[in-house]
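Heavy atoms only: backbone and side chains are in, while hydrogens, waters and symmetry mates are out.
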Amino acid sequence: MAFGWIDEQAAARRRAGLVRTLRPRPADSPLLDLASNDYLGLARHPEVVEGAAAAARTWGGGATGSRLVTGTTELHGELERELADFCGFEAALVFSSGYAANLAAVTALAPHGSLIVSDAGNHASLIDGCRLARGTTQVVAHADPDAVRKALGTHDGPAVAVSDTVFSVDGDAAPLVGLAGACREYGAGLVVDDAHGLGVLGDGGRGAPYAAGLAGADDVVVTVTLSKSLGSQGGAVLGPARVVEHLVNAARTFIFDTGLAPASAGAALAALRLLGREPERAARAREVATGLHARLTAAGLEAVRPDAAVVSVRAPSPEEAVQWAADCRAAGLFVGCFRPPSVPDGISRLRLTARADLSEEQIERAVRVIGETRP
């Protein structure tokens with residue numbers, strides 16, 4: 001029977017407690033949200049919403065084509081210039097998603113005969129980029145510059161190291177200075193995904209590479225998403241102008257994909273300008289994360305110390321993690337639930353996201369609910 005194997009896989013997922021379901025949320029949810037990636041609380045900010053609406057009124061509902069045909073508007077160019085300037089890079093290129101940006105950066109910068117050194121904890125989009133690239137991939141130990149150095153030493157030819165700047169599962173930060181040092185010893189490039197760093201780390205939220213002194217370096221390429229701290233949709237690649245020009249001509253997820261919708265570009269641009277005026281939002285997101293961690297550990301829960309805005313709380317098993325998250329929802333708190341295969345170490349956990357707009361009362365309430373519903 002066609003697709004009969006799907007039933008076997010579905011049964012295996014049920015036995016392992018790994019079934020995933022969609023839960024559409026209402027426009028005005030009563031739940032306290034510690035699950036979304038809206039780190040700065042900008043997704044519903046009036047200026048950001050108006051930025052999206054104004055762009056839609058001006059440019060229409062969609063980009064109408066690929067970026068190289070009709071999908072590039074003046075608004076896209078404006079967003080790219082301001083994003084590159086804000087983060088300290090020479091140029092930027094906007095994509096329809098952060099996932100597409102990662103696929104583009106990895107595949108276009110790792111041609112046949114090259115080596116990709118990939119961190120074992122990398123996001124799925126980076127992993128998929130490695131799989132699609134024509135270069136050879138070597139996966140190395142998590143957050144280990146010496147492992148990167150050792151891998152690069154085995155290869156004679158073009159090479160690039162690939163890593164998240166802040167890992168999405170536990171919220172730990174990559175040793176960017178050490179990674180850059182290892183790459184420079186061998187003349188390799190460094191490609192880092194700053195999805196969880198932009199808007200949270202660095203001076204005024206300019207990102208982890210900026211904080212590490214790597215912004216604008218000619219051997220560093222950074223990908224970002226517009227869908228987390230900027231409360232919109234889409235992604236971008238930042239780096240030297242010659243790298244961006246290469247992506248325009250070689251990156252398949254840029255050449256063959258419809259451009260980012262103008263409404264998303266307008267929202268992201270409005271959020272970026274708002275962050276520029278209110279840089280304290282970045283510090284507040286970090287403060288909330290630190291406060292969550294302190295309260296959770298004081299309550300006897302096993303929480304990972306956050307380096308940015310993600311706080312991870314370990315769960316005994318996948319089944320208990322799912323039930324824990326469901327019990328939190330029933331008590332009015334929405335938290336993330338990460339379990340295999342979404343977690344590289346096989347350990348299930350609740351994933352909490354600190355938002356700059358959370359009050360101290362809301363933080364206390366969240367900790368209380370998580371403690372009262374623990375397995």
Side-chain angles (χ1 to χ4, degrees), residues 24-29 33 36-89 91-101 104 194-200 204-207 222-238 244 247-248 253-254 257-282 284-285 309 353 355-358:
R25 59 180 173 87
D28 189 17
S29 174
D33 175 21
S36 76
N37 292 317
D38 186 19
Y39 297 135
L40 303 182
L42 296 182
R44 289 177 177 267
H45 192 284
E47 290 185 32
V48 176
V49 173
E50 177 54 30
R57 287 192 296 266
T58 302
W59 299 101
T64 76
S66 69
R67 290 287 308 272
L68 289 170
V69 185
T70 59
T72 297
T73 68
E74 294 170 353
L75 183 62
H76 289 83
E78 196 172 1
L79 173 59
E80 287 167 343
R81 288 189 296 273
E82 294 196 25
L83 187 61
D85 182 65
F86 181 80
C87 295
F89 286 87
L93 190 65
V94 166
F95 290 76
S96 61
S97 72
Y99 211 109
D194 201 33
H196 299 277
L198 176 65
V200 177
R206 286 173 169 77
V222 175
T223 63
V224 297
T225 180
L226 311 177
S227 63
K228 293 181 172 58
S229 287
L230 299 185
S232 181
Q233 188 80 18
V237 178
L238 313 172
V244 169
L247 294 180
V248 169
T253 54
F254 179 82
D257 191 21
T258 297
L260 180 68
S264 294
L269 185 57
L272 186 66
R273 290 170 175 172
L274 182 60
L275 178 57
R277 297 197 317 271
E278 300 178 3
E280 65 276 6
R281 286 180 178 266
R284 175 58 183 166
T353 51
R355 294 204 327 269
D357 59 342
L358 289 176

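Remark: D194 CG to L238 CG distance equals 8.5 Å, nearest 0.5 Å. In this structure, CG in L230 is found 11.5 Å from OG in S264, a value given to the nearest 0.5 Å. Note that OG1 of T353 and CG of L358 are 8.0 Å apart. Values are rounded to the nearest 0.5 Å. One distance of note links CG of D33 with CG of D38; it measures 7.5 Å at 0.5 Å rounding. With rounding to the nearest 0.5 angstrom, the CG atom of L83 is 10.0 Å from the CZ atom of F89. Atom CD of E278 and atom CZ of R273 lie 14.5 Å apart (nearest 0.5 Å).
Of the residues listed (R25, R355, K228), the one engaging S36 in a side-chain contact (heavy atoms from CB on, under 4.5 Å) is R355, and it is the only one.
Summarising the geometry of A282 relative to G199, their closest heavy-atom pair is CB-O, 3.3 Å, with the distance given to 0.1 Å. Here the shortest heavy-atom pairing between P279 and G204 reads CB-CA, 3.7 Å. Looking at every heavy atom in both residues, A261 comes nearest to G61 through CB-O, 4.1 Å. Closest non-hydrogen pair, L247 versus A104, comes out as CD2-O, 3.8 Å. In plain terms, the two heavy atoms of G266 and A55 that are nearest each other are CA-CB, 4.0 Å. Nearest heavy atoms, A263 versus A56: CB-CB, 4.3 Å.
Evaluation of the side chain to side chain contact (heavy atoms under 4.5 Å, CB included) rule for V244 yields A91, L93 as partners, not counting sequence neighbours. Residues forming a side chain to side chain contact (heavy atoms under 4.5 Å, CB included) with R57 (at least two apart in sequence, or on another chain): E50, A53, A54.
No side-chain heavy atom of D357 sits under 4.5 Å from any side-chain heavy atom of L42. Looking at heavy atoms from C-beta onward, V237 lies out of side-chain contact with V222 at the 4.5 angstrom threshold. Annotation: side chain of Y39 is in contact with side chain of H196 (closest heavy-atom distance under 4.5 Å). Side chains of S66 and T258 form no contact here, defined as non-hydrogen atoms less than 4.5 Å apart. Residues L269 and E82 form a side-chain contact, since some pair of their non-hydrogen atoms from C-beta on lies under 4.5 Å apart. Looking at heavy atoms from C-beta onward, L260 lies out of side-chain contact with F95 at the 4.5 angstrom threshold. For the pair C87 and L198, the minimum side-chain heavy-atom distance is below 4.5 Å.
Checked by atom type, the side-chain pair D257/S96 shows a donor-acceptor distance below 3.5 Å. At a cut-off of 3.5 Å, with distance as the only test, a side-chain donor of T70 or T64 sits close to an acceptor on the other residue.
Stacking of R206 on the aromatic ring of F86 is recorded, both the 6.0 Å distance cut-off and the 45° axial limit being met.
With salt bridges taken as basic N to acidic carboxylate O contacts below 4.0 Å, one links R67 and E80. Salt-bridge formation is detected for the pair R277/E47: a Lys NZ or Arg NE/NH1/NH2 atom is positioned less than 4.0 Å from an Asp or Glu carboxylate oxygen.
Side-chain atoms of T253 come within 3.5 Å of backbone atoms of A100 as a donor-acceptor pair (strictly under, hydrogens ignored). The closest donor-acceptor contact from the side chain of R281 to the backbone of A356 lies at 3.5 Å or more, if one exists at all. Of the possible polar contacts, one joining the T225 side chain to the G234 backbone as a donor-acceptor pair under 3.5 Å is found.
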From CA spacing to verdict: side chain to side chain contact (heavy atoms under 4.5 Å, CB included), S227, N37: CA-CA 8 Å; S227 63; N37 292 317; over 6 Å; no
